[in-house]
Amino acid sequence: MDVRRLTDRLGGLAFGGDYNPEQWDAQVWKEDDELMRRARVNLATVGVFSWALMEPEEGRYDFGWLDDHLDRLHADGVAVDLATPTASPPPWFTLAHPDAMPVGPDGSRLTHGSRDTYCLTAPAYRRAARRIAAALAERYGDHPALALWHVHNEYVTLCWCDHTAAAFRVWLRARHGSLDALNEAWGTAFWSQRYTSWEQILPPRASQWHRNPGQCLDFSRFWSDEALTAYREQRDAIRAHSDRPVTTNLMLPSYQNLDLWAFGREVDLVAVDHYPSAPGIGAAADTAFGADRARSFGGGAPWLLMEQGANTVYEAGRILGKEPGDILRHSLGHIARGSEGALFFQWRQSRAGAEQWHSAMVPHAGPDSRVFREVTATGEAVARLGELAGSTVRAEVAVLHDSDAWWAMQVDGLPSPELDYHAALRRAHRALWDAGLTVDFAHPEHDLDRYRLVVAPALFLLSDAGAENLRRYVADGGTLLVQHAGGAVDERLHARLGGFPAAPLREALGIRVEEHRPLGRDEEVMLSDGSTATAWSECLRTEGAETLAAYTHGMLAGRPALTRHGFGTGHGWYLSTRLDDPGYAALVGRLLAEAGAAPELPGLPPGVEAVTRHAPDGRSWHVLINHLADAVPLPQPGHDLLTGGPLGELPPGGCAVLRTH
Ligand code: GAL
C-alpha cells in the first residue's frame, strides 16, 4: 500500500489530532467545525476510546452517532483516521470475560475502571477485537472521509496470566523445537531449573531471586510477536473491506516491549506518538531522536507523527510544558525527518476524566489562548508545506538499534545496574545531533554499506550474523565504533567464550577483552588523553589495534581504553568505558572526520538544526530550526515556504523551510 495515498487524499501534509466528540455536545461540535477550519485541521483521529459507545452490549453495535461525526467532518473537509477502540474495553466486556483482564507478574488480576484493561492473549479479547474491527471496516471501509485506519492504541500492556502461559508455550515449542533445546538455551542446568514437560513452563512471574534470563528474553520476544499477531488480525479484518492504509500508533518510550523493526514491516506507514522526556534544548534533541527512530523503523519511508502534546503532559514523574514556539519547532522537527504531518493528542482538552489535565490543541481556556494561537500558526505553516509530501531523508551515519539487545539489558543478573540501553542510544544520537548530522537507526544485521559511520553504543547481545555483518562492514571500508560491553552474549544470552566481543567482530576491532570491570556508582576513572569516564571499564589487550587512550590508575593503568584498528579498507574503533560528555563529543568529532561524514547543509552554528528532505524527482528542501536566542545568517539564502518569500536570516527561535531547487 502506497503511503502517498494519505497525503494525496489530504492534498498535503496532515495536521490535526485525536478527536473525541463524544465528550461534548452539539454546540461544542459547531465550534469545533469553525476552530478546525481556523487551525487548518485536515485529519482527525476518531474512535480511539469509543468501544462502549460503538458496542454498548456484546454484539449490538450503535454506529449512528459515528455516522453523524464522520459525515460532519467530511462536509468540513476534515479527513478521518478511524481507530479501532480495542485499547479500552467497556465494563460489560470485563464482567462477561473476567479471564481476559490482565494479571501482573505477582499474580494479581486488574479490574476495569481505567484503560488498557485486557490481556492480549485471552481468546475472548482477541475475538471481540477482531469482531469490532471487522464491523467498523464493513461499515466505513469506503466512507469518503476515511483516509487512514488506526488499529488499537499503543500496544503497551503486558500480562502474565494462564492464557499467556499457554500461548508462551506454543511460541517456545515453535522457537526451540524440543525441551532439550530450550533447557540448553536457558541454561537450566543451573539452579535446578530443568524442565521435563512443556506444562511446567511459566511466563517469568515474580519469583524468589533472579529470574532465568533466557526465559525473560524469550518472554519479551514472545510478547512482541503476540502483539504483532494481534495487530495483523485486526489489519486483515479491515483489509477485507477497505483499501485505505492501515497503521497503529507506536509508542517510543524509554522501556521496550515491541520489536519496532517487525512492526515497521507490517504497517502501511509507521505512525508514532512522541512526548519529549527532557526540557528546553533536550526536548528538541529528543524530538529528533524519536523522529529518526520512527523513520528508520519504516526503512526510511515517509511516516506520521500521530500524537504529540500541545503543552503540558502530566504523568508520574514527568511534567514537561512546552515553551512558546515549541509547538511549531517540535512539529517541524518531526516533519524535517520525514513525517508526513504533525498530529496531537488531543483536539479539545477534556473537561473530565482521567486525562483532563493533559494539554490539547484547544485548551480549557478556549481559543483565546496562547496555545490555540500557536496551534493555528502551526496549522498554517504545515499547510504551506504540501510540496514536501512523499519526500524522504538521507543519512550517512547510523546508530545500531536491536530489540534483542535492549531486552537482553533488562534481564535479572546483569553485571552492572549502569548498563542502560536507552540512555546509551540516546547519548550516541545526541552527540551526532549536536554535531549537526542526520542520523538513521539500523539493525546490526541490516545492509550498512550506505553509511560512512556506524555507532554501536549498547550492543551487549550480538548475534553471530550481526557480528559477521559488522566485520564485513569494516572490511569493506566502513568506520565502526563499538562501545563497552559490546558483543558480550549471543542471541541466547550465552556469554561469548575466549574473550569479548564475539569473535568475528574482535577481528575487525583488533582487540580482545579479557575482563569486564564495572565501576561503582560514584567511581570515576582517568584516561591518558585527559578525559574521564564512569560506569564501566575493561581489561583488554590489542591484537593489531593502536591504543588512542589508556587508563591511568589502578590495576588497569596503562591498559587500552580507546582503540582503533585498520581492517580491510575500513576502521574498527572500540571504547571500553563510558566517556564524559566532552570526551564523547570529541570522539564523535574524530570519527566523523575520519569517515568523511558532514552535515548536509554546512556552515550553521551548533544549536541550529538543518535536515534536508529529498523528492524522488530531485527537488529538495532544507528544514531549519534555530534553537538559539540570536538571529543566525543563512549560509545559502533561499525561498522560504513558511513566509512565502526570500530569507537570509533565521530569527531567534525561528524556523524556515527553504526550497533548494
Ligand atoms: C498517549 C496516548 C493517549 C494519551 C496521551 C496523553 O501515549 O496514546 O491516549 O494518553 O498519551 O499524553
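As a basis for the values below, the full set of heavy atoms in this structure was taken, side chains included, without hydrogen atoms, waters or symmetry mates. One-based numbering, in listed order, for ligands and for the atoms of each.
Ion pairing between a basic and an acidic side chain is recognised when a charged N comes within 4.0 Å of a carboxylate O; Asp33 and Arg37 show no such pairing. Salt-bridge annotation for Glu609 and Arg337: present, with a side-chain N of the basic residue lying under 4.0 Å from a carboxylate O of the acidic one.
Atoms of ligand 1 lying under 4.0 Å from any heavy atom of Phe49, numbered from 1 in the order shown and given with element: 9 (O). Taking every heavy atom of Val313 and a limit of under 4.0 angstrom, the matching atoms of ligand 1 come to 12 (O). Remark: ligand 1 atoms within the under-4.0 Å shell around heavy atoms of Glu355 are 4 (C), 6 (C), 10 (O). Near Glu307, the atoms of ligand 1 lying under 4.0 angstrom from a non-hydrogen atom of the residue are 1 (C), 2 (C), 3 (C), 5 (C), 7 (O), 8 (O), 11 (O). Each of the atoms 8 (O) of ligand 1 lies under 4.0 Å from some heavy atom of Asp273.
Side chain of Ser242 to backbone of Gly141: a donor-acceptor contact under 3.5 angstrom is found.
Checked against Ile132 for a side-chain contact (heavy atoms from CB on, under 4.5 Å), the options Arg127, Met54, Gln234 give a single hit: Met54.
Of the N and O atoms on the side chains of Ser350 and Gln23, at least one donor lies less than 3.5 Å from an acceptor on the other residue. Counting only N and O atoms by type, the side chains of Thr247 and Asp268 include no donor and acceptor under 3.5 Å apart.
Among Gln346, Arg115, His358, Glu154, the residue whose heavy atom lies nearest to atom 12 (O) of ligand 1 is His358.
When non-hydrogen atoms are compared, ligand 1 lies under 4.0 Å from the side chain of Asn153 (C-beta onward) but not from its backbone.
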